[in-house]
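I have placed the structure first, in the form of structure tokens, so that the comments after it can refer back to it.
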Amino acid sequence: MCCGRTYLASGQTESARAEVKRSLDALRPFVERGARVVGLEPSCIISFRDEMTVLPPAADTEFTQGNILIFNEFLAANLKEGKVHLPLADQGGKIAHLHGHCHQRAFAAMGPVETVLRSVPGLELKVIESSCCGMSGTFGYAAENIEVSRKMAELSLLPAVRKAQADDLIVADGTSCRHQIHDGAGREAVHVARVLDQALHKS
């Protein structure tokens, strides 16, 4: 299944409409029985909560309201309510530099990201004060946009990444953001889920 954003980003509205309908039809039986939909990629989840609520008829998307969450939102809420305990090892002062995805910032979803990362013992969080990484979905992949894409990344994101120490973590939930960081600064950025996985006590 697909959220439809890949079609929508290239102006293929009808294809996006058909794809989101297919996804919603598959998800509906589970959500109506009490399940929630949790996703790792911010742009996909925000698509279900924003653009994809207006492509199909409104009645077809009502069941999704409040039930489609970004991974960090789901986990932060469960941590706050005491529904989950993460057996995380102390990181001994390791530093994590966090770049926020544009959709996370635009929809006030950065708070849960910081909450989850601050739950890791001994992990020092530093939020990179950055704008868009410059990729903007598929925009930065197009040859004709490469210079604009690079200039956007060089405003603040890539300089901050280059200043980070070699053993610091670079954290970015967006797939395209991680590609931009890798290509522009030669560093591997990781999703929050990988930060947690690396910090888990392995039995």
Side-chain angles (χ1 to χ4, degrees), residues 1-6 8 19-56 60-91 94 96-128 130 133 137 169-178 181 189-203:
M1 294 185 295
C2 177
C3 66
R5 176 170 289 279
T6 50
L8 200 61
E19 188 62 27
V20 74
K21 183 182 185 306
R22 187 173 75 90
S23 295
L24 291 175
D25 287 346
L27 294 171
R28 181 188 289 274
F30 299 98
V31 175
E32 289 183 342
R33 292 201 300 269
R36 284 177 288 179
V37 179
V38 180
L40 295 173
E41 177 64 33
S43 60
C44 292
I45 296 302
I46 295 300
S47 291
F48 276 116
R49 297 192 335 213
D50 187 31
E51 295 98 334
M52 302 315 162
T53 63
V54 296
L55 285 176
D60 291 348
T61 64
E62 288 177 355
F63 76 94
T64 68
Q65 294 180 13
N67 293 314
I68 298 186
L69 305 169
I70 301 173
F71 171 77
N72 298 300
E73 296 173 322
F74 175 79
L75 191 53
N78 280 280
L79 286 169
K80 182 179 180 180
E81 295 170 13
K83 293 181 178 179
V84 65
H85 170 69
L86 299 176
L88 301 174
D90 193 293
Q91 300 302 293
K94 192 175 188 69
H97 302 267
L98 172 64
H99 166 67
H101 189 284
C102 286
H103 285 105
Q104 288 173 315
R105 291 199 298 265
F107 286 82
M110 283 303 296
V113 185
E114 295 185 36
T115 295
V116 170
L117 287 173
R118 294 186 196 283
S119 74
V120 181
L123 183 68
E124 181 182 348
L125 179 62
K126 294 186 177 181
V127 179
I128 299 173
S130 55
C133 71
L169 290 173
I170 309 298
V171 184
D173 282 350
T175 301
S176 57
C177 302
R178 294 195 297 272
I181 290 168
V190 296
H191 193 284
V192 170
R194 286 188 60 192
V195 176
L196 296 177
D197 179 63
Q198 292 167 10
L200 283 171
H201 282 292
K202 302 297 196 298
S203 57

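- Between the side chain of Glu32 and the main chain of Pro29, no donor-acceptor pair closer than 3.5 Å is present.
- Taking Lys126 as the reference, Ile95, His97, Glu124 meet the side chain to side chain contact (heavy atoms under 4.5 Å, CB included) condition, with sequence neighbours excluded.
- For the atom pair CD1 (Ile68) and SG (Cys44), the distance works out to 11.0 Å, reported to the nearest 0.5 Å.
- Side-chain contact between His101 and Ser43 is present, with heavy atoms from C-beta onward closer than 4.5 Å.
- How far CG of Leu55 is from CG of Asp60: 11.5 Å, rounded to the nearest 0.5 Å.
- The two residues Val120 and Gln91 come nearest to each other via the heavy atoms CG1-CG, 3.5 Å.
- Between the CG atom of Asn67 and the CZ atom of Arg28 there is a distance of 11.5 Å, given to the nearest 0.5 Å.
- Residues Val38 and Leu75 are not in side-chain contact: their nearest non-hydrogen atoms beyond the backbone lie 4.5 Å or more apart.
- You'll find the side chain of Ile170 reaches within 4.5 Å of the side chain of Ile181, heavy atoms only.
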- Message: Apply side chain to side chain contact (heavy atoms under 4.5 Å, CB included) to residues Leu123 and Leu88 and explain how you reach the verdict.
- Response: CA-CA 11 Å; Leu123 183 68; Leu88 301 174; over 6 Å; no
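- Residue pairs meeting the salt bridge (Lys or Arg N to Asp or Glu O under 4.0 Å) criterion with at least one member in residues 61-79, sequence neighbours excluded: Arg49-Glu73.
- Between Leu200 and Pro87, some side-chain heavy-atom pair lies under the 4.5 Å cut-off.
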- Task: Go through the steps to decide whether Arg36 and Val31 satisfy the test side chain to side chain contact (heavy atoms under 4.5 Å, CB included), and finish with yes or no.
- Result: CA-CA 6 Å; Arg36 284 177 288 179; Val31 175; over 6 Å; no
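- A 6.0 Å sphere centred on NZ of Lys94 holds more than 12 heavy atoms belonging to other residues, nucleotides or ligands.
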- Stepwise, does the side chain to side chain contact (heavy atoms under 4.5 Å, CB included) test hold for Leu24 with Phe48? CA-CA 9 Å; Leu24 291 175; Phe48 276 116; 4.2 Å; yes
- Kindly determine whether His103 and Arg5 satisfy side chain to side chain contact (heavy atoms under 4.5 Å, CB included), including the steps that lead there. CA-CA 12 Å; His103 285 105; Arg5 176 170 289 279; 3.3 Å; yes
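- At least one donor-acceptor pair closer than 3.5 Å links the side chain of Glu19 to the backbone N or O of Cys2.
- Inter-residue side-chain proximity for Thr64 and Val37 is flagged as unmet; no heavy-atom pair is nearer than 4.5 Å.
- Taking all atoms of both residues into account, the shortest heavy-atom contact from Thr115 to Ala76 is CG2-CB, 4.0 Å.
- A heavy-atom distance below 4.5 Å is found between the side chains of Thr175 and Glu41.
- There is a side-chain donor-acceptor pair under 3.5 Å between His99 and Ser130.
- Interatomic distance, CZ of Phe63 versus CG of Leu27, reported as 6.0 Å (0.5 Å rounding).
- Nearest approach of Pro56 to Thr61, heavy atoms of both residues: CG-CG2, 3.8 Å.
- Atom CD of Gln104 and atom CD1 of Ile45 lie 11.0 Å apart (nearest 0.5 Å).
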Contacts under 3.5 angstrom, residues 191-199 side chains, donor-acceptor by atom type, not counting sequence neighbours:
| residue | atom | partner | partner atom | Å |
| --- | --- | --- | --- | --- |
| His191 | ND1 | Ala193 | N | 2.9 |
| His191 | NE2 | Leu40 | O | 2.8 |
| Arg194 | NH1 | Glu188 | OE2 | 2.9 |

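- Side-chain atoms of Ser119 come within 3.5 Å of backbone atoms of Val116 as a donor-acceptor pair (strictly under, hydrogens ignored).
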